[in-house]
2 protein chains.
Amino acid sequence: MVTLKDISREVGLSVTQVSRALGGHADVNRDTRDKVQRMATRLGYRPNAIARSLKTGRSGIIAMIVAGSRDPQANAHLFEIVMGLSAEISALGLQFVLHVGQTGADTTQLHADLYRSGGIDGFVLIGPAPDDPRIACLLRLGAPFIVHGRDPAQSHAFVDIDNFAVGETMADHLLHLGHRDIAFLNGPESEFFALERRRGVAAAFAKHGVTPDPALTLSIPMTEPNGRTNTLRLLDAARPPTAIIAGNTMLARGVYQATESRGLNVPRDLSILAHDDGLELFASESFDPPLGGTVAHLTTAWVTLSADLKQIIAGQDDPFHTRVLDLTFTKGLSACAI
Amino acid sequence: MVTLKDISREVGLSVTQVSRALGGHADVNRDTRDKVQRMATRLGYRPNAIARSLKTGRSGIIAMIVAGSRDPQANAHLFEIVMGLSAEISALGLQFVLHVGQTGADTTQLHADLYRSGGIDGFVLIGPAPDDPRIACLLRLGAPFIVHGRDPAQSHAFVDIDNFAVGETMADHLLHLGHRDIAFLNGPESEFFALERRRGVAAAFAKHGVTPDPALTLSIPMTEPNGRTNTLRLLDAARPPTAIIAGNTMLARGVYQATESRGLNVPRDLSILAHDDGLELFASESFDPPLGGTVAHLTTAWVTLSADLKQIIAGQDDPFHTRVLDLTFTKGLSACAI
DNA sequence: CGCTAATTCCGAAACGTTTCGGACGCAACC
DNA sequence: GGTTGCGTCCGAAACGTTTCGGAATTAGCG
């Protein structure tokens with residue numbers, strides 16, 4: 001390993017000055033700076049990240065810890081998130097590492113251990129539960145972190161979308177089209193975003209003076225198979241829905257599959273709207289007919305999320321960074337008047 | 001952050017002795033050891049991983065760097081690998097980090113940079129290409145690493161299976177059953193394992209005095225959709241195969257889908273064998289009828305792989321650790337005599 | 001009592017980096 | 001000529017840990 005000392009010996013300067021030269025400080029002569037830089041590249045010098053971290057107290061490493069899942073689609077989705085985040089964070093000159101815990105493991109302790117043993121500057125949390133113990137733990141430790149989504153019970157930095165509006169917008173659109181029997185394939189209502197969406201849907205119903213059938217709102221993990229089987233079940237019911245709102249494009253894919261296997265036409269026999277996170281694997285343009293619904297690209301979330309986290313790590317976090325991103329709505333061709 | 005100095009001040013000992021007490025060294029009194037340990041837990045001491053790494057030159061971190069893929073199944077598969085590896089490595093008291101590069105990025109430089117800037121003890125490589133530049137790079141740097149699979153062009157530590165036997169065993173079984181028109185959905189023959197399997201299949205054909213139809217061997221990424229579409233194409237050919245060998249349970253899933261959509265009976269109309277890596281998401285027991293073929297669980301690969309890598313890092317790597325794991329064969333109910 | 005040996009402890013150095021507080025030489029200024 | 005200021009440079013300390021080489025105390029033994 002080639003160190004600053006090697007360079008300093010070679011060019012006949014002190015370690016201090018070599019460090020300052022490479023660090024781009026002011027009080028070093030142009031010529032010596034060039035000389036040092038040339039020697040550094042000639043020797044193939046790479047600053048030792050460990051030593052630098054020890055001195056500065058910063059490692060430049062941002063971690064995300066997840067418990068693996070048994071569900072292939074959940075994993076594929078997670079992996080897409082990881083890739084988006086990773087790209088954004090390395091664009092900021094930081095390192096992103098993913099730590100996969102055992103399936104179903106409690107990652108709270110892992111967060112704490114990893115932080116307290118140094119070497120991690122901050123964390124990204126996704127899919128917060130109500131009263132999420134990870135958030136409580138990181139707050140207690142004073143560790144920098146940011147959440148995608150939010151836990152209303154605790155005050156912390158987050159990047160989120162307006163999930164109330166997600167539910168309200170789509171339900172309102174369908175109600176305007178005359179639909180009354182509207183099924184809602186919601187995400188797991190153990191998470192805050194799903195509760196918000198349900199509230200939004202309820203608000204739209206109330207606005208139109210319609211009382212929704214509670215049996216038509218389902219709280220399920222948002223995967224393709226879940227979308228398919230639950231849609232089939234709904235269609236087999238005594239009074240099948242005329243429209244379906246899906247929380248996700250993966251769910252929507254399942255809904256489309258169900259209509260196809262039943263020989264139904266979208267949107268004539270069944271209107272479909274879904275919230276689109278902009279996942280590449282389930283792009284709304286790949287649906288036939290084109291899928292309508294609310295849109296909020298995750299990729300835009302990653303850029304503000306990582307930028308905010310960087311600031312938090314730098315220490316300018318006095319008012320908590322809380323961002324609610326914009327939402328758009330596309331009509332698509334998957335919903336029509338009844 | 002609570003350090004050794006804090007403990008030493010509290011119990012009235014030197015930092016040295018506190019370190020030795022916690023490290024479990026011999027020359028420290030029973031009583032003082034206990035006293036130190038109690039104080040350490042009382043203060044919530046966690047050794048600083050950075051400082052320890054700097055001194056010992058070991059971080060206990062093993063990294064795997066992958067370029068993300070656009071293919072959801074490839075990602076899900078990769079994620080399953082990551083989870084298996086991660087579990088095994090943390091069981092050894094080491095840390096596993098996954099570094100996801102940009103899709104299609106050259107990870108060679110990333111390996112080099114990460115290693116030369118310290119902080120990474122060793123690497124796990126998967127899916128080696130012929131003359132893999134990552135292997136060449138790590139060999140040049142003298143970095144500890146181990147490969148799942150192998151690159152015959154370079155000498156390195158690896159854990160692999162006998163892929164020649166994979167091809168030979170399954171082809172031999174089908175030939176014994178009287179099949180002659182045997183299709184082989186092989187993995188990408190840009191990788192060594194696929195070439196070996198093809199050689200094995202060819203050897204079995206030669207043993208039976210049969211000359212195979214080259215048009216029946218396909219070199220394709222091993223995913224479900226690829227299995228489905230290519231099987232359909234094969235079945236539509238002038239002389240459709242009576243049996244199919246799939247390189248993978250994901251491919252096999254696609255083959256099953258194709259037979260189903262054509263209304264064919266397995267194994268009466270089409271015999272199917274596949275190599276089974278023991279992936280949970282595509283478990284052979286979940287096939288109907290039960291899938292036959294060669295079996296080699298990846299999970300067993302991870303335990304020897306991580307144990308070997310640990311030894312390599314410790315420095316006992318004089319003879320390269322090269323392991324070829326056992327293979328079994330299950331008949332299943334997916335293949336019958338013609 | 002003097003010698004050795006065992007037990008228990010500690011100071012200091014080291015890992016590679018950053019940074020604080022100065023030092024040195026030299027020009028400019030009153 | 002003394003003071004100030006500027007441009008370059010450097011020694012030393014620090015981050016928290018491990019470890020080498022001893023030192024101090026006690027016990028055993030002739």
Side-chain angles (χ1 to χ4, degrees), chain A residues 1-37 39-40 43-61 95 113-121 314-315, chain B residues 1-37 39-40 43-61 95 113-121 314-315:
Chain A
M1 170 186 278
V2 33
T3 71
L4 286 182
K5 208 193 299 192
D6 298 324
I7 301 181
S8 78
R9 181 170 7 86
E10 217 63 31
V11 299
L13 282 171
S14 75
V15 173
T16 302
Q17 207 57 1
V18 173
S19 172
R20 300 181 68 83
L22 293 174
H25 281 248
D27 61 349
V28 38
N29 193 321
R30 281 292 285 202
D31 297 346
T32 63
R33 190 207 315 285
D34 291 350
K35 189 169 59 175
V36 167
Q37 267 164 352
M39 182 56 69
L43 296 182
Y45 169 75
R46 303 243 71 203
N48 185 307
I50 300 280
R52 177 177 287 176
S53 300
L54 180 59
K55 187 65 180 89
T56 63
R58 293 269 158 74
S59 64
I61 296 180
Q95 301 240 322
D113 287 351
L114 221 53
Y115 182 68
R116 298 203 306 159
S117 64
I120 301 290
D121 283 355
Chain B
M1 170 187 277
V2 33
T3 70
L4 286 182
K5 208 192 300 190
D6 297 324
I7 301 180
S8 78
R9 180 172 6 86
E10 217 63 32
V11 300
L13 281 171
S14 74
V15 173
T16 303
Q17 207 59 0
V18 172
S19 171
R20 302 181 67 82
L22 293 174
H25 283 247
D27 61 349
V28 38
N29 194 321
R30 281 292 282 203
D31 296 347
T32 63
R33 191 207 316 283
D34 292 349
K35 190 170 59 175
V36 167
Q37 267 162 353
M39 183 55 69
L43 296 182
Y45 170 75
R46 304 242 73 202
N48 185 307
I50 298 280
R52 177 177 287 178
S53 299
L54 181 60
K55 188 64 181 82
T56 63
R58 294 271 158 73
S59 64
I61 295 179
Q95 300 240 323
D113 286 350
L114 221 54
Y115 181 68
R116 296 201 307 160
S117 65
I120 300 290
D121 284 356

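Letters A, B, ... are given to chains in the order of the sequence lines, protein chains preceding strands, and every chain is numbered from 1.
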DNA chain D nearest-nucleotide lookup for A:Ala26 and B:Thr16: closer to the 5′ end is A:Ala26

Is a donor-acceptor pair below 3.5 Å formed from side chain B:Ser14 to base C:dG11, judging by atom type as modelled?
no

Taking the side chain as C-beta and beyond, is there a heavy-atom pair between A:Leu43 and A:Ile7 under 4.5 Å?
yes

Sorted by chain and number, sequence neighbours left out, salt bridge (Lys or Arg N to Asp or Glu O under 4.0 Å) with A:Asp6 holds for A:Arg9

When rounded to whole Å, the CG to C1' distance for the pair A:Asn48 and D:dG16 reads 15 Å

Side-chain contact, heavy-atom cut-off 4.5 Å: A:Val28 with A:Val36?
no

Here the distance between atom C1' of D:dT17 and atom NZ of A:Lys55, to the nearest Å, is 15 Å

- prompt: With respect to the phosphate group of D:dG16, does any side-chain polar atom (N or O) of B:Arg52 fall under 4.0 Å of OP1 or OP2?
  reply: no

The nucleotide from C:dC9, C:dG16, D:dG16 with an atom nearest the side chain of B:Thr3 is D:dG16

Looking only at heavy atoms, the pair that brings A:Val15 and A:Lys5 closest together is CG2-CA, 4.1 Å

When rounded to whole Å, the CD to P distance for the pair B:Gln17 and C:dC9 reads 5 Å

To the nearest angstrom, the OH-P distance between B:Tyr45 and D:dT18 comes to 6 Å

note: B:Leu22, atom CG; D:dT17, atom P; distance rounded to Å ~ 9 Å

For A:Thr32 and D:dC9, is the shortest distance between a side-chain N/O and OP1 or OP2 below 4.0 Å? yes

Separation of D:dG7 atom P from A:Asp31 atom CG, nearest Å, is 15 Å

Rounded to whole Å, the CG-P distance (A:Leu54 to C:dC15) equals 14 Å

- What does B:Ser53 touch in the nucleic acid at a heavy-atom separation under 4.0 angstrom: a base, only the sugar-phosphate, or nothing? nothing

So, is B:Ser19 close to the D:dT18 phosphate, meaning a side-chain N or O under 4.0 Å from OP1 or OP2?
yes

Of B:Asp27 and A:Arg46, the one whose closest nucleotide on DNA chain C sits nearer the 5' end is B:Asp27

For the pair B:Gln17 (side chain) and B:Asp27 (backbone), establish whether a donor and an acceptor sit closer than 3.5 Å, ignoring hydrogens and angles.
yes

Separation of C:dA14 atom P from A:Lys5 atom NZ, nearest Å, is 8 Å

>> Once you apply a heavy-atom cut-off of 4.0 Å, does B:Ile50 come out as touching a base, just sugar-phosphate, or nothing?
In response: nothing

